[in-house]
Amino acid sequence: MSVIDLNSDIGESFGAWRMGDDEAILESVTSANIACGFHAGDPSHMSSTARAAAQRGVAIGAHVAYRDLVGFGRRFVDATPTELADDVLYQIGALDALARAAGSKVTYVKPHGALYNTIVHHEAHARAVVDGVRAFSRDLALLLLPGSLALTFAQDAGLRGVSEAFADRGYNPDGTLVSRREPGAVLHDEDLVTERMVRLATEGVLEAVDGTLIRPNAQSICLHGDTEGSVRLAAAVRAGLEGAGVRIESFAA
């Protein structure tokens, strides 16, 4: 039987502004990437999201980002490696304190937005992220895009690197994500997305925007909590996978 994790970016509400339906999407996923205050989230939302995840037995991951609240973490920040490593460590520590108060803990780290995409190819920032994670704990897993520099550096540093695929995002033939500025970047059709994820879990392949078949070797599938219709999409993907005989289980359990 195939086994795969379902993760989602949540806890992204900030003050009076609400983002996504975290309680609902936690019913479908097995790992929760909780925003740590740098691109979204605040202490109260981080805490309530950690409690909700802990109550459901969902693994908690630190969704670390560049210091970019206004841009939702989707803009590159030219931080020095030391600054970035310290920012990553700071975010993990903050979320872990709140997760422990909720009866759980941070078990993995997933970079967000521009940071996630930058460390696919940016050597200095990729090493800085790995350094920040390792400074907190060598036991943390790092959830990343297959083929990224950071994934290689994490494994070289003795950290567990975990590859993921995105249910609701389009792919380029080289395995990178289609830019959100381009057509086909975000997918909304539940049937199409579910079919793609079942094929990924059972055959190991995804179809890129040009029809090329790619093999991301993914151990986890990301379902964005802020995508329109995300709750229905997450439920549909989980039902489709289970219907195909795939076991849903967190890689960080």
Distance-only polar pair, side chains of [X] and [Y], donor-acceptor under 3.5 Å:
| X | Y | result |
| --- | --- | --- |
| T176 | D174 | yes |
| S31 | N7 | no |
| R18 | H45 | yes |
| N33 | Y108 | yes |

Original post:
Can you tell if the side chain of R238 reaches within under 4.5 Å of the side chain of T30, non-hydrogen atoms only?
Top reply: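 In short, these two side chains touch, coming nearer than 4.5 Å.
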**OP:** Compare all side-chain heavy atoms of H63 with those of I34 and state whether any distance is below 4.5 angstrom.
**Re:**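 Not in contact.
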Under 6.0 Å from the [atom1] atom of [X], do we count more than 12 heavy atoms belonging to anything else shown?
| X | atom1 | value |
| --- | --- | --- |
| E27 | CD | yes |
| Y90 | OH | no |
| R232 | CZ | no |

Taking [X] for its side chain and [Y] for its backbone only, find out whether a donor-acceptor pair lies under 3.5 Å.
| X | Y | result |
| --- | --- | --- |
| D22 | I10 | no |
| Q91 | A65 | yes |
| S104 | A54 | no |

